[in-house]
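Following: one structure in C-alpha cells, then a few remarks.
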Amino acid sequence: MTIIPYSINRKEVWDQFIAQSKNGTFLFQRNFMDYHADRFFDCSLMIYDGISPDDEYKESSLTTKDLVAVFPANWVEKEHCVYSHQGLTYGGLVVLPEVTELEVMRILQNVMLYYMDYMQARKLVYKPIPYIYCPYPCAEDLYALFRAGAQLNRRLVSTVVSIHNQLRMRTLRVRQSKKAIDHGFYIDRMAEGDMESLKEYWALLTDVLMTHHQARPVHSLDEIALLMSRFPREIKIYLVRKDQRIVAGIVIFETKQVAHVQYIAAGDEGREYGALDLLFRHLINERYRHLEFIDLGTSNEQGGQVLNHGLIFQKEGFGGRAVCYDTYNVLLDRDTILRMTDEKVTAPEEKIKYLDLKQINNSFEPELSDEVTRVVRGGWYLLGKENERFSRHFSAYVGTKCCVPVANGLEALTIILLAYKHLLGWQDGDEIIVPSNTYIATILAVTNAGLTPVLCEPHLSDYLIDSNLIEDCITERSRAILPVHLYGRVCDMDSICEIARKHNLRVVEDAAQAHGARYHGRAAGALGDAAGFSFYPGKNLGALGDAGCVTTDDEELAAIVRSIANYGSREKYVNEYKGLNSRMDEVQAAVLCVKLKRLDEDNHRRREIAMLYDTGIQNPLITKPQPTKDPDENVFHVYPVRCPKRDVLKDYLSQQGIETIIHYPIPPHKQKAYQEWNGQKFPISERIHQEILSLPISPLLTDNQIQRIIDAVNSFTIDL
C-alpha cells in the first residue's frame with residue numbers, strides 16, 4: 001500500500017475517483033473542498049495498492065488505476081491534529097464499492113501511521129459518513145475506529161425522511177400545507193444566476209438565524225454564490241413566495257441518493273401560514289421521489305447539545321426518523337494502531353529524498369498557486385509590480401537600501417563585477433580572491449566579467465575561506481575579495497572586511513546559500529559592499545525556476561547593476577553599457593514573496609534538525625560540521641559531513657532508502673573548464689571534495705525520518 005499526499009495537480013484524478021466511489025458525493029470534489037482552502041491546511045491523502053511512490057510521483061502516471069481510497073483531511077499544527085474534514089457536513093474515508101471491512105481497517109491503519117510518521121500527528125478527529133449517503137451499509141470505518149480506540153466526541157441528530165419507506169405524515173402538516181395554498185403561497189425554484197433572489201433570501205435567512213437562534217449562516221452570501229456557480233446541478237434553492245415576495249426557503253445539497261437540507265428559513269408570515277409545510281410536502285411527494293432520502297438537517301443550538309424541540313416536532317411531522325452525525329476522537333497511539341489487525345504491520349519505510357521540492361511547494365498551497373494564477377491573469381510578466389514588491393520586501397529583510405532582482409545567482413555576481421568595472425575603472429585581468437572549494441558558479445562569475453580568479457584555500461574545520469591566507473593572495477592587481485557563505489554558514493566577515501579596508505579592496509558576498517543567516521545581528525547580504533543571491537528552487541528561499549538578486553547600500557552601484565541587467569539600458573532603446581538580459585520574471589517574484597514570509601521559520605527548523613544530527617550522530621568515521629558560537633550564523637542550506645570512505649557511505653545510505661548528495665565532487669581547479677589550473681595543488685580543498693557528503697535537511701523532515709537517518713549513519717562501519 002502506498003500513500004501519497006494530495007496536490008493540486010492530482011485534482012482531476014481525485015474527482016474521477018469520487019465519481020466512481022461507494023460513498024463519495026460532490027461535497028468531496030475539489031471544487032467544493034477548495035473553496036474554503038484559505039481557512040484550513042489541506043492534508044488529504046490518496047491511497048494506492050500495487051504501485052511504488054516513485055511511479056506515482058511521475059506526472060504521466062497520474063490515473064485512478066490502483067487507487068483504492070482517498071482521505072479528505074485538514075491539519076491544525078498547534079493541535080497536532082488531523083480533521084476529516086473541517087468545513088464539511090461529514091467526512092471520512094472514501095472507498096470503492098467492493099471494499100471489505102478488513103481492507104478499510106488496513107487502509108485506516110496505514111493512514112493513521114502516515115500522519116504520525118510524516119506530520120507528527122497526535123490526534124485524529126473523524127466524522128463518519130452516515131449510512132444514508134451510501135447504497136450499501138457504510139459501517140466499515142466505524143469498526144476500524146473502534147479498533148483504533150476511538151471515543152465518541154460529539155453527536156448531532158438529524159431527521160431523515162425515507163422516500164420509499166415513509167412513516168405517516170401528520171395531519172397537522174397536511175392542513176398547514178393547504179392553509180399556505182389558501183393564503184396565496186406558491187413554490188418557486190430559484191433560477192441559476194438569480195442574484196437578486198439569492199440576496200433577498202440570504203437576508204431573510206440571516207435575520208431568522210440571528211433572531212431565533214443567535215447564529216449566522218456558515219457560508220457567506222459570496223461563498224454560497226460561488227458554490228452554486230460551481231455546482232448548479234447539485235446546489236438548489238427552493239423558495240416560497242407570495243406576490244413575488246420571498247416568505248420562506250431552503251437550500252438543498254443534492255447527492256446521489258440524498259437531498260440534504262443545508263438551510264431552512266421562514267419569516268413571520270411564512271411561519272404563520274405554513275410556508276415550510278407546503279415546501280416540504282412538495283419536495284417529499286413530488287420533487288424527490290427518485291431519491292432514497294431527504295435529510296432535513298441537524299439542530300445546531302449550543303453545538304448540538306440542546307435539541308430544538310419545535311424544529312424536531314415539525315420535521316417528524318413529515319414522517320422523519322433520526323439519523324446521527326457523529327464525531328470521534330482517536331488519540332494516535334502506535335501500539336494500539338498496530339494491533340488494529342492481526343497482520344504484522346509497520347509504518348512504511350519510504351525513501352527519504354535529499355530534498356523533496358514537490359512536498360515543499362505543496363506546503364505553500366493554495367497561496368502559491370493562487371499567486372501564480374493572479375500574475376498570469378494580470379498580463380504583466382517582466383519588470384512590473386511583483387519585482388518592485390519583492391525588491392522592497394527582500395531589501396527590508398536583508399537590511400540594505402537596494403535590492404535588484406536578476407535572472408539567477410551566477411549573473412547576480414557577474415553583473416556586480418561588471419558594474420564595478422564601470423564604476424571604479426577596473427580593467428580586464430584584474431584579480432578577485434575566491435575560495436578554492438566553492439561551487440564553480442562563483443568562479444564563472446569572475447571570468448565572465450573578464451577578471452581573474454585567485455584561489456584561496458578554506459579552513460578544514462568550517463569549509464569557509466581562510467582569512468589568515470587571504471593577504472598572501474593579494475597583489476597590485478587585486479580588486480576584491482569574494483567570500484562564499486558556503487553551506488549556509490557566514491564567513492569570518494570582520495577579518496575579511498578589515499583586510500579589505502587595509503588594502504582598499506571591495507567585498508562582494510556570494511550569499512547564494514545563506515538566505516537569512518546573520519552575523520553579529522546583521523544579515524548575510526549586508527555584510528560587504530554588495531552581495532549576490534541565488535533563488536534556485538533548492539535554496540532555502542527557492543523560486544519555481546531560476547532567479548537571483550543583488551543587494552547593496554551603494555545606490556549608484558545598484559543603478560548600474562539594474563541597467564546592465566536590462567540590456568545596459570535605463571531608458572528604453574537607449575543603451576549605456578554592453579549589458580545582459582538578466583531579469584527576474586513576475587511569476588518568480590510573486591512566488592518568492594509568498595515563501596519569504598516563512599523563511600525564518602524554515603531556517604529555524606533546519607537548525608533544529610542540525611542540532612539533532614549534532615547530538616545523535618556518534619560514529620567515529622563521520623566528521624560533523626563545527627558548531628558556530630551564534631546559531632544565527634548558520635542556516636544549514638546543507639548539513640555536510642566528511643568520511644574517509646565517502647562513496648561507500650553514500651552507497652550504504654542509499655541501500656537504507658536515504659538519498660544524499662555530494663557538494664561538490666570535483667574542485668574547481670580540477671575541472672576541464674579551467675584546465676589551465678589542473679596541475680595546481682590545493683590539498684585542503686581536494687580533501688574536502690573527496691570526503692564531503694550532504695545529509696537530508698529539508699525543513700519538512702519529520703523527527704522519525706531524522707532519527708532513521710541518524711541510526712543509519714551510526715550503523716555504518718568499514719575497515720579503514
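Computation of the quantities below employed the complete heavy-atom set of this structure, encompassing side-chain atoms and omitting hydrogens, waters and symmetry-equivalent molecules.
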Could you walk me through whether Glu509 and His485 satisfy the side-chain hydrogen bond (donor to acceptor under 3.5 Å, both in side chains) test, starting with their C-alpha distance in whole Å, then the side-chain angles of each, then the deciding distance to 0.1 Å, before giving a yes or no? CA-CA 8 Å; Glu509 301 171 75; His485 306 312; 2.8 Å; yes
Taking Ile433 as the fixed residue, which of Thr475, Ile474, Leu482, Ile496 is the one that meets the side chain to side chain contact (heavy atoms under 4.5 Å, CB included) rule? Ile474
Working to the nearest 0.5 Å, report the span between [atom1] of [X] and [atom2] of [Y].
X	Y	atom1	atom2	result
Ile709	Ile617	CD1	CD1	8.5 Å
Ile662	Ile666	CD1	CD1	10.0 Å
Leu357	Lys353	CG	NZ	9.0 Å
Cys456	Glu471	SG	CD	11.0 Å
Lys351	Ile658	NZ	CD1	11.0 Å
Leu649	Asn619	CG	CG	8.0 Å

With a 4.5 Å cut-off on side-chain heavy atoms, are [Y] and [X] touching?
X	Y	answer
Ser685	Pro458	yes
His515	Lys539	yes
Phe535	Phe390	yes
Glu601	His604	no
His459	Asp492	no
Cys491	Tyr519	no
Asn448	Leu413	no
Ser694	Thr660	no

If I compare all heavy atoms of [X] with all of [Y], which pair ends up nearest, and what's the gap?
X	Y	answer
Asn603	Tyr397	ND2-OH, 4.5 Å
Ala419	Leu557	CB-CD1, 3.5 Å
Ala565	Arg583	O-CG, 3.7 Å
Ile443	Val434	CG1-CG2, 4.0 Å
Leu701	Gln705	CA-OE1, 3.4 Å
Lys624	Val641	CA-CG1, 4.5 Å

For [Y], is there an ion pair with [X] - N to carboxylate O distance below 4.0 angstrom?
X	Y	answer
Arg374	Glu371	yes
Arg605	Asp703	yes
Lys421	Asp428	yes
Arg598	Glu367	no
Asp430	Arg477	yes
Lys385	Glu388	no
Glu576	Arg570	yes
Arg687	Glu691	yes

Would you find more than 12 non-hydrogen atoms of other residues, nucleotides or ligands less than 6.0 Å from [X] atom [atom1]?
X	atom1	value
Tyr439	OH	no
Gln120	CD	yes
Tyr652	OH	yes
Asn678	CG	yes
Leu580	CG	yes

Would you check if the side chain of [X] reaches a backbone N or O of [Y] as a donor-acceptor pair within less than 3.5 Å?
X	Y	result
Gln588	Leu544	yes
Asn437	Leu464	no
Ser395	Ser391	yes
Asn575	Tyr577	no

Which is it for Asp651 and Gln655 under the side-chain hydrogen bond (donor to acceptor under 3.5 Å, both in side chains) test, yes or no, and what are the steps along the way? CA-CA 6 Å; Asp651 290 343; Gln655 293 167 10; over 6 Å; no
Flag for [Y]-[X]: side-chain donor and acceptor within less than 3.5 Å:
X	Y	answer
Thr400	Thr551	no
Glu431	Thr452	no
Tyr420	Asp554	no
Asn566	Ser569	no
Asn634	Thr628	no
Tyr567	Asn581	yes
Asn704	Asp117	yes

Is the distance from the ring center of Phe636 to that of Tyr613 below 6.0 Å? no
Could you walk me through whether Lys595 and Glu365 pass salt bridge (Lys or Arg N to Asp or Glu O under 4.0 Å), step by step? CA-CA 11 Å; Lys595 293 188 171 185; Glu365 294 293 1; over 6 Å; no
Verdict with supporting geometry, Phe533 and Phe394, ring pair (Phe, Tyr, Trp, His ring centres under 6.0 Å): CA-CA 11 Å; Phe533 284 88; Phe394 197 68; 5.0 Å; yes
Between His637 and Tyr487, is the ring pair (Phe, Tyr, Trp, His ring centres under 6.0 Å) condition met? List the steps. CA-CA 5 Å; His637 172 62; Tyr487 305 144; 8.3 Å; no
Given Thr702 and Met119, is the side-chain contact (heavy atoms from CB on, under 4.5 Å) satisfied, shown in steps? CA-CA 7 Å; Thr702 66; Met119 301 188 74; over 6 Å; no
Does Tyr674 form a ring pair (Phe, Tyr, Trp, His ring centres under 6.0 Å) with His669? I'd like the steps, not just the answer. CA-CA 6 Å; Tyr674 291 98; His669 69 281; over 10 Å; no
Could you walk me through whether Gln675 and Trp677 pass the side-chain hydrogen bond (donor to acceptor under 3.5 Å, both in side chains) check? CA-CA 5 Å; Gln675 56 186 340; Trp677 296 342; over 6 Å; no
